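Please read the structure below before turning to the comments.
Naming convention: chains lettered A, B, ... in sequence-line order (proteins, then strands); numbering from 1 in each chain. Below, each value reflects all heavy atoms present in this structure, side chains not excepted, and no hydrogens, waters or symmetry copies. Predicted model only: the values in this text are computed from it and were never measured.
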Protein chains: 2
Amino acid sequence: MSIEIRVSPNEGLYLKEPQDSNLGRKIIQHSILLIDEYGFESFTFRKLAAEINSTEASVYRYFENKHLLLLYLVNWYWEWVNALIIINTMNVEDPQKKLRIIIQSLVSASEDNPGVEYVNESNLHNIVIAEGWKTYHTKEVDDDNSKGFFMSYKNLANAVSKVISEIDPDFKYPYTLATSLFEMSKDQIYFAKHLPKLTDISVKENDLKDVEAMLNYFVDKLLKK
Amino acid sequence: MSIEIRVSPNEGLYLKEPQDSNLGRKIIQHSILLIDEYGFESFTFRKLAAEINSTEASVYRYFENKHLLLLYLVNWYWEWVNALIIINTMNVEDPQKKLRIIIQSLVSASEDNPGVEYVNESNLHNIVIAEGWKTYHTKEVDDDNSKGFFMSYKNLANAVSKVISEIDPDFKYPYTLATSLFEMSKDQIYFAKHLPKLTDISVKENDLKDVEAMLNYFVDKLLKK
DNA sequence: CTTATTATGATAGTTTTACTATCTTTTTAA
DNA sequence: TTAAAAAGATAGTAAAACTATCATAATAAG
């Protein structure tokens with residue numbers, strides 16, 4: 001028996017579902033590698049096409065532009081985190097335990113999982129940290145939002161905020177705390193790597209135990225049992 | 001008597017200090033307005049030049065490129081916040097009071113102050129929220145950091161972390177908390193405006209009292225007196 | 001007041017990016 | 001076996017992000 005995890009971002013993000021074809025999967029795989037290596041700005045469909053021995057025109061048949069490709073990848077990532085959380089919290093009743101597992105899942109989502117061969121989760125995690133904000137800090141954010149392009153993240157935030165309210169029904173800002181956990185996790189990892197004066201944690205060779213401990217520390221102080 | 005507040009970002013950011021000439025001040029003033037209105041991506045030196053009846057070449061004599069201009073503006077903003085904090089916490093001894101004033105200064109820094117005619121602080125605040133990320137989420141971050149281009153923000157984080165440690169010397173993550181206060185403030189305001197499902201606060205016609213209350217709520221829970 | 005220097009303006013050119021278009025060849029599925 | 005869908009090859013366009021050069025205007029120094 002084998003369990004196949006298939007994660008599907010919003011339909012409006014692509015012209016043709018890339019996971020359904022060879023070329024599509026190569027686009028996903030190598031765009032992740034290229035964006036992580038060179039950054040989103042210097043990533044172009046031309047370079048991607050060259051890398052996979054295809055053509056610019058062919059890539060454009062899957063994604064209207066590179067912004068939508070990035071949105072697709074980032075949504076894929078949050079769907080992935082969501083899937084991990086669902087699997088790991090199955091049959092766990094205690095909301096406090098649940099939140100610990102959520103934090104642990106959030107952190108471990110950055111480890112490569114061989115289950116999906118065309119996605120390197122570790123590289124994708126780097127992209128979400130370094131480039132993810134580009135998906136929503138645009139002038140088109142309201143438009144994109146109305147098309148459902150941030151659904152994966154919103155669903156996740158909603159699920160986590162519910163667990164927070166279960167632990168402490170009097171806590172005034174469950175959504176703020178949920179999103180802050182995600183954003184802090186990203187920010188503090190990035191700071192640790194590039195602007196270490198801005199954080200107390202350290203991340204050596206992608207060991208994220210400090211991040212996990214830090215998030216748990218904050219949550220424990222904020223939520224009364 | 002009049003107090004002149006002059007805020008100066010790092011020298012490496014410009015080719016010629018824009019605050020020292022008429023054209024330079026017009027560049028600052030109108031780049032803030034244009035970037036806020038149309039977003040950083042569609043902002044170009046050509047459009048800016050047209051707006052101020054100058055030329056692209058002239059703008060390039062002040063800033064090497066638009067990335068450095070954005071860095072300049074964002075640094076200006078954090079210097080400005082820093083100045084407000086210094087003024088407002090003068091002669092305040094109690095660290096808890098200090099932190100409240102810091103939070104209040106952080107929030108009120110977004111109000112336009114007629115003291116500096118060529119800077120609209122309110123528009124600049126929008127830019128820091130919407131585009132500030134672009135200053136440090138780049139492939140050149142380590143380079144830029146080594147040139148001191150993030151000094152203003154780092155100084156601020158350092159100052160705030162010290163106040164945090166004064167309040168609660170046992171708190172494990174003073175730097176993380178300091179930067180999280182800044183980042184949460186930006187994120188949650190942005191979410192309130194564009195992705196309201198991701199936050200509990202609301203920001204109506206730029207009234208930031210919810211943000212201030214939220215930040216104080218978190219701080220109160222996190223730091224034992 | 002004149003002159004040298006510096007600041008700004010006018011204009012043109014280059015490379016790269018982000019597409020769009022069109023036509024041909026290959027693959028796949030009925 | 002054939003038609004239709006997918007992919008490849010190639011070319012073209014508009015705008016952005018500069019770079020370069022020369023002319024003119026403002027200013028400051030002697």
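At whole-Å resolution of the value, CG in A:Leu68 and P in C:dC19 are 9 Å apart. For the pair A:Glu64 CD and C:dC19 P, the computed distance is 9 Å after rounding to whole Å. Atom CZ in A:Phe63 sits roughly 16 Å away from atom P in C:dT20 (whole-Å rounding). When the C1' atom of C:dT17 is taken as reference, atom CG of A:Asn65 falls 13 Å away, rounded to whole Å. B:Ile52 places its CD1 atom 11 Å from the C1' atom of C:dT8, with the value rounded to the nearest Å. Regarding B:Asn53, its CG atom lies at a distance of 15 Å from the P atom of C:dT8, rounded to whole Å. Regarding A:Phe45, its CZ atom lies at a distance of 15 Å from the P atom of D:dA7, rounded to whole Å. Taking atom CD of B:Glu41 as the reference point, atom P of C:dT17 lies 15 Å away to the nearest angstrom.
With respect to A:Asn126, the side chain to side chain donor-acceptor pair (under 3.5 Å) criterion is satisfied by exactly one of A:Asn120, A:Asp36, A:Asn206: A:Asp36.
Heavy atoms of B:Tyr60 sit under 4.0 angstrom from at least one base atom.
In this structure, A:His194 contributes its side chain and A:Tyr190 its backbone to no donor-acceptor pair below 3.5 Å. Looking at A:Lys154, its side chain never comes within 3.5 Å of a backbone N or O of A:Phe149 through a donor-acceptor pair.
Nearest nucleotide to the B:Lys66 side chain, out of D:dA17, D:dA16, D:dG12: D:dA17. When distances are taken from the side chain of B:Tyr62 to each of C:dA21, C:dA10, C:dA7, the shortest belongs to C:dA7.
Listed by residue number, the members of residues 32-39 of chain A with any heavy atom below 4.0 angstrom from DNA chain C form an empty set. Contacts between residues 10-27 of chain A and DNA chain C, defined by a heavy-atom separation under 4.0 Å, are absent.
Heavy atoms from other residues, nucleotides or ligands lying under 6.0 Å from NZ of A:Lys197 number 12 at most.
Aromatic ring centres of B:Tyr153 and B:Phe182 lie closer together than 6.0 Å.
Taking 4.0 angstrom as the limit, A:Ser54 places a side-chain polar atom (N or O) nearer than this to OP1 or OP2 of D:dG8.
We find the OH-CD distance between B:Tyr72 and B:Gln19 to be 3.5 Å, quoted to the nearest 0.5 Å. Rounded to the nearest 0.5 angstrom, A:Leu48 CG and A:Phe63 CZ are separated by 10.0 Å.
The side-chain heavy atoms of A:Lys139 and B:Tyr38, taken from C-beta on, include no pair separated by under 4.5 Å.
The nearest heavy atom of DNA chain C to B:Ser58 and to A:Arg61 marks one nucleotide each, and the one closer to the 5' end goes with B:Ser58.
Salt bridge annotation for A:Arg6-A:Glu17: present, with a cationic side-chain nitrogen under 4.0 angstrom from a carboxylate oxygen.
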